[in-house]
Asker: 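I have a structure I would like to understand better, so I am pasting it below and will then ask my questions one at a time.
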Amino acid sequence: MKKIVTTLLCFLLMSLTVLPFAFAAGEQTPAVKTVDDFTDLKDLPQDQKSKFDELIRGGVFSGLTDNTFGLNDKMDRAQFAKVAALIFSLPIDKTLTVSSFSDISSDHWSLTYVEALKKAGLTNGYDAEGKMYNPSGSVSRQELAAFLIRGLGLDQDAQKAAPVADSTVDDWAKGYVALALEKNILTKLDNGTFGGKEAATRKMLALASYEAKKLFGAGKTDPAATPEPTKPETQTPATQPEKPAAPEPAKVDKGSAKGKKVLITSDLNGTQFREDEKPLVNRLQSLGFEVTRLASTKLTVEATEGFDLIVIGSSTNSKYVKKKLKGLPIPIIYNKSISFGDADFSTVSENTGIKKQTNVTIKSSDHPLAAGLKGDVQFYYEAGDLSYGIPSSDAIVVAHAAGDPEKAIVIGYEKGSKNVLGEAIAARTLMFGGNASLMKDNATDEAWKLFDAAALWAIGQP
C-alpha cells in the first residue's frame, strides 16, 4: 500500500512540473511579420528589403493592412512619434493616460510615444503655444530631416553646417538638410532637389529611420542631451522644425482671432463638449479664440450677444436652429448642413451626406478661404462622410466633392450677398462639410487648413 501511495505522489509531482510546460507550448503567439508578408515590398531592391525587414521584425514598423505596407502613403506625426521613440530608444511610460497636448485623447494609440518625444526635447508641439501636437498632420521632408538630426543629438552640428543650396528648403531647415544629406540619412529626389516642403512618405521615413538607427546604434549620439533649437526671430515657420511649411494664416483675409469669442452649439445639456467635438474646439482655441459651449435647446438670438463668431456644431439638434439666426449680424459657420439649408443658404438640407469620401476638389483656389490649396486635395486619411450644400450663385464655393462640382463642401457667403431666396445676408456665413467626429484622428493637414481659413475669414472685415 505504501508503495502505491509513493508511486501516486511521484506521478502527481511530475504532472505539476510537466503540465505548465505543456500549456505554455500550446499557447498561440502571433507570428512575427517580415518583409515577405507585404505585397508592395516584394519588388524592392534587395538592400532596401533587408532594411525594411529589420525594422518590421523589430516592431518599429507595421503595415497599413495585413499585407500592405503603404510605401507611398503619407507619414503622419503620430506614426513618426512611434518610430522616433523606438529607433532612439526613448523611455516609454506605458502607464500614462493623460497627454500634454489637447488634441491627443487618453485612448489615442500614440500618446505614450508622443510624450516620450516631448520628454526627450524632440517636440514642443505643433502650434506656437505648444498646446497641440496635430497627430494626423503630415510631416514634410525638411521637417523629417530636422527631427532625425535633433534625435541624433546633432543639433549644434546642424547650426554650424554650411546651408544646403536648394530653393525647395526653407532657411531654418537648410543646416538640418545639409547634415541629413551628408550622413546619407536622406537623399535628393529624382529631379535633383531635396523637395523640402513635400510630404514625407512611409518609404522615406523607413529608409531614413534605418540610417538614423544605424548611426544611433553606433553610440555617436544622445537625443536626451540635445537642447531645443533656438529659432532666429525672422524664422518661418514658428519655433519647431516640425511645424508644417503651410500657408501662413496671415494670407487669409482676417481680423486677429486672439481674444475673439466664439459660441459653439451642441446637442447635450451642460457645459462639457463631447469627445468628438473637442478637436474643432481645440483648433479654434489654438487660433486664439475663447470658446463657449451652448446647448442647442437654449439657442436664442439673445444668447449670441457679445460673441464674435457662432459655430453651429455637427451634434446640434437642427430643430432648435431652423431660421433663428438667419438675420443675425454675427458671422456664422455651419458645421451642420441641415441647418445651413433650413436657414435658406442652400437649396437642400435633408439627405446631404456623401459616404466614403477621401478627397475634395478646390474650386476657388485664388480665394483666401482655399488656404493656398489647389486641385484635388486629400481631406480624410481613411474614407469618411462629408456633407454638402447647393448655395446661391452669390456664394463662394471653395471646395466641392471630388468628381461632383454640384455638391459644395466648403461654402462662403460675403456680407450683403444674396441667399437662395435672394435675401441680403447680414454677416459672413459659411458651411464646413467635414464630419467633426471623423476629423478627430482622420483629418489631413489640408482639411485643417480649410477649417482654419474658414474661421479666420469669418471674423475678417468684409
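Below, each value reflects all heavy atoms present in this structure, side chains not excepted, and no hydrogens, waters or symmetry copies.
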Asker: Heavy-atom count around N351 CG within 6.0 Å, excluding the residue itself: above 12?
Answerer: no
Asker: To the closest 0.5 Å, what do you measure between NZ (K49) and CD1 (I56)?
Answerer: 10.5 Å
Asker: Could you tell me which non-hydrogen atom of I362 sits nearest to which non-hydrogen atom of L373, and how far apart they are?
Answerer: CG2-O, 3.4 Å
Asker: Got I92 and K94 here, is their nearest side-chain heavy-atom distance under 4.5 Å?
Answerer: yes
Asker: Show the nearest heavy-atom pair for residues V360 and L450, with the distance to one decimal.
Answerer: CG2-CD1, 4.5 Å
Asker: For the residue pair V60 and I87, establish whether any side-chain heavy-atom pair is separated by less than 4.5 Å.
Answerer: yes
Asker: Are I396 and V398 side-chain neighbours, meaning at least one heavy-atom pair lies under 4.5 Å?
Answerer: yes
Asker: What do the steps show when you test S339 against S318 for side-chain hydrogen bond (donor to acceptor under 3.5 Å, both in side chains), and what is the final call?
Answerer: CA-CA 6 Å; S339 297; S318 60; 5.0 Å; no
Asker: Do the side chains of L309 and I459 get nearer than 4.5 Å, heavy atoms only?
Answerer: yes
Asker: Calculate, to the nearest 0.5 Å, the distance between atoms CG and NZ belonging to D103 and K278 respectively.
Answerer: 12.5 Å
Asker: Look at atom NZ of K203 and say whether more than 12 heavy atoms of other residues, nucleotides or ligands are closer to it than 6.0 Å.
Answerer: no
Asker: Do M439 and R283 pass the side-chain contact (heavy atoms from CB on, under 4.5 Å) test, and can you show the C-alpha distance, the side-chain angles, and the key distance before you say yes or no?
Answerer: CA-CA 11 Å; M439 291 185 71; R283 197 72 180 190; over 6 Å; no
Asker: Looking at T34, is its backbone amide N or carbonyl O close enough to the side chain of D37 to form a donor-acceptor pair, meaning the two atoms are under 3.5 Å apart?
Answerer: yes
Asker: Take atom CG of D93 as the centre, draw a 6.0 Å sphere, and report whether it contains more than 12 heavy atoms from other residues, nucleotides or ligands.
Answerer: yes
Asker: Let me confirm one number: the OG1-CZ distance from T201 to R141, rounded to the nearest 0.5 Å.
Answerer: 8.0 Å
Asker: Which atoms form the tightest heavy-atom contact between M431 and G389, and what is the distance?
Answerer: CE-N, 3.7 Å
Asker: Starting from the C-alpha separation in whole Å, work towards a yes-or-no answer on side-chain contact (heavy atoms from CB on, under 4.5 Å) for I332 and L430.
Answerer: CA-CA 6 Å; I332 303 176; L430 302 97; over 6 Å; no
Asker: Is it true that F52 and F61 have ring centroids separated by less than 6.0 Å?
Answerer: no
Asker: If every non-hydrogen atom of E290 is compared with every non-hydrogen atom of G259, which pair is closest and at what distance?
Answerer: OE2-CA, 3.9 Å
Asker: Could you go step by step and tell me if K214 and E54 meet the salt bridge (Lys or Arg N to Asp or Glu O under 4.0 Å) rule?
Answerer: CA-CA 11 Å; K214 185 169 65 174; E54 181 177 324; over 6 Å; no
Asker: F80: what forms a ring-ring contact (aromatic ring centres under 6.0 Å, His included) with it, not counting sequence neighbours?
Answerer: F147
Asker: Say whether T358 and E382, considering side chains only, have a donor N or O and an acceptor N or O under 3.5 Å apart.
Answerer: no
Asker: Taking all heavy atoms of A455 and all of L287, pick out the closest pair and write down the distance.
Answerer: CB-CD1, 4.2 Å
Asker: Can you tell me if S364 uses its side chain to pair, donor with acceptor, with the backbone of H367 under 3.5 Å?
Answerer: no
Asker: Measure from NZ or CZ of R77 to the centre of the six-membered ring of Y133 and say whether it is under 6.0 Å with the direction within 45° of the ring axis.
Answerer: yes
Asker: Working to the nearest 0.5 Å, report the span between NZ of K51 and CD of Q46.
Answerer: 11.5 Å
Asker: Got I104 and V114 here, is their nearest side-chain heavy-atom distance under 4.5 Å?
Answerer: yes
Asker: For T68 and D40, does a side-chain donor sit closer than 3.5 Å to a side-chain acceptor?
Answerer: no
Asker: Under 3.5 Å, is there a donor-acceptor pair between the side chain of S346 and the main chain of P391?
Answerer: no
Asker: Quick one: pull up CG in D76 and OG in S138 and give me the separation to the nearest 0.5 Å.
Answerer: 9.0 Å
Asker: Do S140 and E198 have side-chain N/O donor and acceptor atoms under 3.5 Å apart?
Answerer: no
Asker: Could you tell me which non-hydrogen atom of L386 sits nearest to which non-hydrogen atom of N359, and how far apart they are?
Answerer: CD1-O, 4.4 Å
Asker: What residues, two or more places apart in sequence or in another chain, satisfy salt bridge (Lys or Arg N to Asp or Glu O under 4.0 Å) together with K118?
Answerer: none
Asker: Show, in sequence, the C-alpha distance, side-chain angles and deciding distance for V262 and V311, and conclude whether the side-chain contact (heavy atoms from CB on, under 4.5 Å) test is met.
Answerer: CA-CA 7 Å; V262 57; V311 176; 3.8 Å; yes
Asker: Could you tell me if the side chain of T292 sits less than 4.5 Å from the side chain of I264, heavy atoms only?
Answerer: no
Asker: Indicate yes or no: at least one non-hydrogen side-chain atom of D155 is less than 4.5 angstrom from one of I149.
Answerer: no
Asker: Applying ring-ring contact (aromatic ring centres under 6.0 Å, His included) between F340 and each of Y334, Y388, F432, report the one that passes.
Answerer: Y334
Asker: Any salt bridge linking D170 with K197? Criterion: basic side-chain nitrogen under 4.0 Å from a carboxylate oxygen.
Answerer: yes
Asker: Which one of S314, S315, S296 satisfies the side chain to side chain donor-acceptor pair (under 3.5 Å) criterion with S266?
Answerer: S315
Asker: Without swapping roles, check the side chain of R202 against the backbone of F69 for a donor-acceptor pair under 3.5 Å.
Answerer: yes
Asker: Kindly determine whether F101 and K131 satisfy side-chain contact (heavy atoms from CB on, under 4.5 Å), including the steps that lead there.
Answerer: CA-CA 5 Å; F101 301 106; K131 295 180 180 179; over 6 Å; no
Asker: Decide yes or no on salt bridge (Lys or Arg N to Asp or Glu O under 4.0 Å) for K449 and D445, but give the supporting numbers first.
Answerer: CA-CA 6 Å; K449 287 175 187 175; D445 198 35; 3.8 Å; yes
Asker: Counting N and O atoms only, with roles assigned by atom type, does the side chain of D308 sit under 3.5 Å from a partner on the main chain of K261, one being a donor and the other an acceptor?
Answerer: yes
Asker: When you measure from the centre of the six-membered ring of Y176, is the NZ or CZ of R150 closer than 6.0 Å and no more than 45° off the axis?
Answerer: no
Asker: Any donor and acceptor pair, going by atom type alone, linking the side chain of R293 with main-chain N or O of T265 inside 3.5 Å?
Answerer: no
Asker: Is any side-chain heavy atom of M204 less than 4.5 Å from a side-chain heavy atom of S209?
Answerer: no
Asker: Is a side-chain donor or acceptor of N442 paired with a backbone partner of Y381 at a separation under 3.5 angstrom?
Answerer: yes
Asker: Answer yes if the side chains of T352 and S337 hold a donor-acceptor pair under 3.5 Å, and no otherwise.
Answerer: yes
Asker: Could you grab the distance from atom CG of L96 to atom CD of E115, nearest 0.5 Å is fine?
Answerer: 6.0 Å
Asker: Under 3.5 Å, side-chain donor or acceptor atoms of residues 184-195 against the rest of the protein: list the pairs with distances, not counting sequence neighbours.
Answerer:
| residue | atom | partner | partner atom | Å |
| --- | --- | --- | --- | --- |
| N191 | OD1 | T193 | N | 2.9 |
| N191 | OD1 | T193 | OG1 | 2.8 |

Asker: For a side-chain hydrogen bond (donor to acceptor under 3.5 Å, both in side chains) check, start with the C-alpha distance between S102 and Q285, then their side-chain angles and the critical distance, and finish with the verdict.
Answerer: CA-CA 10 Å; S102 60; Q285 289 173 333; 5.7 Å; no
Asker: Do you see a donor-acceptor pair shorter than 3.5 Å between the side chains of Q357 and D385?
Answerer: no
Asker: Indicate whether any N or O donor in one side chain lies under 3.5 Å from an N or O acceptor in the other, for T97 and S106.
Answerer: no
Asker: Check this for me, if you would: do K160 and D157 make a salt bridge, where the nitrogen-to-carboxylate-oxygen distance has to be below 4.0 angstrom?
Answerer: no
